[in-house]
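Just so you know, residue 1 is the first one in the sequence shown, and it goes up from there. The figures here come from the full heavy-atom set of this structure, side chains too, leaving out hydrogens, waters and symmetry mates.
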Amino acid sequence: MPSIDQPFQVLILGGSYAGLAAALNLVDLCHGRRHRFSITDGDNGTGKRIPVQVTIVDPRDGYYHLIGQPLALSSQDFAESFWIKYSDIPALQTPEIRCVQGSVDSLDCAAKTATIATSSGTVQEKYDYLIICTGLRREYPSAPRSFTREQYLAETAKNLANVRGAKKGVAIIGGGAVGIEIAAECKMLHPSTPVTLIHSRNSLLSSEPLPNEFSSKTLEVLRESGVNVILGARVTSISEKNTDNTQTLTLSNNTTLPASHVINAVSRFTPTAPSFLPASICDDQGYIRIKPTLEFPSDTTHLPEGIAGDHYAAGDIARWSGVKRAGAAMHQGHYAARNIHQKMMQRVYGVAPEFVALDEVEPGMGLAVGEKAVAYFPSMGLAHGEETREMFFQGDLGFGICWRWMQLGTPMPGPVEVSAGESEREGENKPVGVAAAARAVEAAA
């Protein structure tokens with residue numbers, strides 16, 4: 001192998017779906033093996049090794065299955081499963097991947113240096129390639145407030161205690177995707193508890209660019225699951241709890257509703273990048289502009305093409321078409337890894353790069369609604385029922401699908417012990433049912 005003095009330094013900001021997909025696929029590729037997201041027959045990797053050091057920076061101390069948040073709020077068992085510390089994820093236990101709990105304080109793209117704030121102070125991280133996967137800043141209950149597993153478990157336990165003690169029922173405010181799933185999971189796991197979903201508009205999912213038939217079917221299935229749905233009424237006030245721990249919600253239609261526990265699920269989220277990136281790199285909403293190859297465009301960064309092209313964004317933080325989804329985030333992280341690897345191959349082996357590019361994506365969504373699911377994608381149309389839930393979410397809101405697809409439970413194998421031109425055994429690094437898993441992940445909510 002051509003010698004290089006030091007391994008390539010790759011800095012990944014964000015350790016969720018896009019960040020982990022990027023890190024793990026990149027190390028696979030640099031080991032010369034078939035990368036874990038490959039579904040190409042006969043793909044056995046290049047057999048060419050490239051030294052790499054990946055640093056993942058995230059405010060949390062572990063990977064959190066964000067799709068599962070509505071289920072975690074109603075089940076402590078699932079809550080415990082959905083947050084796994086990075087130090088406990090087998091796939092990350094390799095010297096080539098380092099996880100740092102912290103957040104980016106500032107970024108100098110020209111000097112390729114990031115300043116990271118940690119609990120013990122700030123540190124400077126130099127990099128050759130950067131992938132920003134910081135996602136969106138979501139308010140509770142769309143995402144946990146906590147940054148450690150222990151704090152998170154205490155947070156979910158408190159909510160669960162409130163649900164279990166809700167003699168007058170649970171009221172969820174907001175009929176977006178999060179509110180719908182929280183209401184449905186709560187009713188499914190606590191069937192004797194009255195659950196009411198309140199939405200100010202006349203139809204659910206009113207802010208989503210999806211067909212009316214998707215909203216209508218979701219409402220139908222939600223009501224079938226036992227959730228009381230109030231549409232076209234805004235909550236104008238919520239009283240303090242009285243002596244029997246009950247609050248009164250006053251609605252804009254001059255009605256009142258008693259509830260023992262109130263969850264405000266009105267969706268509010270903002271991109272996380274503008275605080276450390278020049279405004280020119282982001283659009284007017286704060287999403288990072290990217291090329292189809294996921295690189296920063298040089299015309300927005302005021303950086304030379306070569307330097308701008310060593311900076312990538314993937315996942316919810318990136319401005320791209322389609323609804324923000326975990327499957328799309330993993331797909332984008334995977335593509336960023338492949339394109340960075342192509343640049344490494346060119347520098348180390350002189351191989352002409354072949355970059356992959358994102359296609360435009362039409363809006364689509366899958367929602368877990370109790371024991372069923374409702375899904376709409378242009379390629380498949382509208383689907384609903386128990387089989388749809390099994391396909392998109394299985395029994396754990398997609399945790400197992402994502403865990404297996406990223407192979408988080410499998411220790412990272414070492415580099416292939418073959419010379420250039422020889423191949424690794426086909427399929428050696430792939431799980432059973434990979435094609436089915438790929439389809440489910442690509443379509444996952």
Taking the side chain as C-beta and beyond, is there a heavy-atom pair between [X] and [Y] under 4.5 Å?
X: Val195; Y: Ile172; answer: yes
X: Thr293; Y: Val356; answer: no
X: Tyr376; Y: Pro211; answer: yes
X: Arg319; Y: Ile288; answer: no
X: Val54; Y: Phe8; answer: no
X: His31; Y: Glu96; answer: yes
X: Cys186; Y: Leu73; answer: no
X: Ile281; Y: Pro278; answer: yes

Tell me whether [X] is salt-bridged to [Y], with the criterion being a basic N under 4.0 Å from an acidic carboxylate O.
X: Arg34; Y: Asp28; result: no
X: Arg389; Y: Glu386; result: no
X: Glu208; Y: Arg325; result: no
X: Lys343; Y: Glu354; result: no

Is the backbone of [Y] close enough, under 3.5 Å, to the side chain of [X] for a donor and an acceptor to pair up by distance?
X: Ser215; Y: Leu204; result: yes
X: Asp41; Y: Asp43; result: no
X: Tyr129; Y: Ala337; result: no
X: Ser75; Y: Phe78; result: yes
X: Ser203; Y: Ser206; result: no
X: Gln53; Y: Pro7; result: no
X: Asp88; Y: Tyr86; result: no
X: Thr122; Y: Ile116; result: no
X: Ser298; Y: Pro304; result: no
X: Tyr140; Y: Asn264; result: no

For this session: May I ask you to check whether Phe82 and Tyr63 place their ring centers less than 6.0 Å from one another?
Result: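 Ring-ring flag for Phe82/Tyr63: false, centres at least 6.0 Å apart.
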Exercise. Taking the six-membered ring for Trp, is the centroid-to-centroid distance between His35 and His341 below 6.0 Å?
Worked result: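 When the ring centroids of His35 and His341 are compared, they turn out to be at least 6.0 Å apart.
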[X] versus [Y], closest heavy-atom pair with distance:
X: Ala336; Y: Leu294; result: N-CD1, 4.1 Å
X: Leu205; Y: Ala177; result: CD2-N, 3.6 Å
X: Gly366; Y: Phe393; result: O-CZ, 3.5 Å
X: Asp310; Y: Asp128; result: CB-O, 3.6 Å
X: Thr218; Y: Leu367; result: CG2-CD1, 4.0 Å
X: Phe296; Y: Leu277; result: CE2-CD2, 4.3 Å

Exercise. Phe147 ring centre to Arg60 NZ or CZ under 6.0 Å, with the angle to the axis within 45°?
Worked result: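 No.
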Exercise. Given Thr113 and Asp108, is the side-chain hydrogen bond (donor to acceptor under 3.5 Å, both in side chains) satisfied, shown in steps?
Worked result: CA-CA 5 Å; Thr113 303; Asp108 187 336; 6.0 Å; no
Exercise. Run the side chain to side chain contact (heavy atoms under 4.5 Å, CB included) check on Arg149 and Glu80 step by step: do they pass?
Worked result: CA-CA 8 Å; Arg149 186 174 188 273; Glu80 291 179 2; 3.7 Å; yes
Just checking [X]: does its [atom1] atom have more than 12 heavy atoms from other residues, nucleotides or ligands closer to it than 6.0 angstrom?
X: Phe269; atom1: CZ; answer: no
X: Arg201; atom1: CZ; answer: no
X: Gln394; atom1: CD; answer: yes
X: Gln6; atom1: CD; answer: no

Exercise. Taking it one step at a time, do Glu224 and Lys372 satisfy salt bridge (charged side-chain N to carboxylate O under 4.0 Å, His left out)?
Worked result: CA-CA 10 Å; Glu224 287 175 355; Lys372 300 178 181 180; 3.6 Å; yes
Return yes if a side-chain donor-acceptor contact under 3.5 Å exists between [X] and [Y], otherwise no.
X: Glu155; Y: Ser146; result: yes
X: Lys187; Y: Ser225; result: no
X: Tyr64; Y: Gln69; result: yes
X: Gln76; Y: Thr156; result: yes
X: His384; Y: Glu220; result: no

Exercise. Is there a side-chain hydrogen bond (donor to acceptor under 3.5 Å, both in side chains) between Ser74 and Glu185 once you walk through the steps?
Worked result: CA-CA 7 Å; Ser74 292; Glu185 298 300 316; over 6 Å; no
For this session: Tell me, please, which residues at least two apart from Asp58 pass salt bridge (Lys or Arg N to Asp or Glu O under 4.0 Å).
Result: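 With neighbours one apart ignored, the set is empty.
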Rounded distance (nearest 0.5 Å) linking atom [atom1] of [X] with atom [atom2] of [Y]:
X: Leu210; Y: Met365; atom1: CG; atom2: CE; answer: 5.5 Å
X: Lys112; Y: Glu125; atom1: NZ; atom2: CD; answer: 15.0 Å
X: Ile97; Y: Gln93; atom1: CD1; atom2: CD; answer: 9.0 Å

Exercise. Does His199 have any ring pair (Phe, Tyr, Trp, His ring centres under 6.0 Å) partners at least two apart in sequence or in another chain, and if so, which?
Worked result: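 His199 satisfies ring pair (Phe, Tyr, Trp, His ring centres under 6.0 Å) with no residue once adjacent residues are dropped.
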Problem set entry | Residues which pass ring pair (Phe, Tyr, Trp, His ring centres under 6.0 Å) with Trp403, listed by chain and number, not counting sequence neighbours |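 For Trp403, the residues satisfying ring pair (Phe, Tyr, Trp, His ring centres under 6.0 Å) (neighbours in sequence not counted) are Phe399.
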Exercise. Can Val10 and Tyr312 be said to form a side chain to side chain contact (heavy atoms under 4.5 Å, CB included), step by step?
Worked result: CA-CA 11 Å; Val10 180; Tyr312 293 74; over 6 Å; no
Problem set entry | Derivation of the side chain to side chain contact (heavy atoms under 4.5 Å, CB included) call for Arg338 and Asn25 | CA-CA 8 Å; Arg338 286 177 61 180; Asn25 279 286; 5.9 Å; no
Exercise. Which word best sums up how the rings of His65 and Tyr17 line up, parallel for under 30°, tilted for 30 to 60°, or perpendicular for over 60°?
Worked result: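 Aromatic pair His65/Tyr17 classed perpendicular.
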For this session: For the pair Cys133 and Ile317, evaluate side chain to side chain contact (heavy atoms under 4.5 Å, CB included) and give the outcome as yes or no after the intermediate values.
Result: CA-CA 6 Å; Cys133 308; Ile317 192 63; 5.6 Å; no
Exercise. Salt bridge (charged side-chain N to carboxylate O under 4.0 Å, His left out) with Asp316: which of Lys324, Arg138, Arg137?
Worked result: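 With Asp316 as partner, salt bridge (charged side-chain N to carboxylate O under 4.0 Å, His left out) holds for just one option, Arg138.
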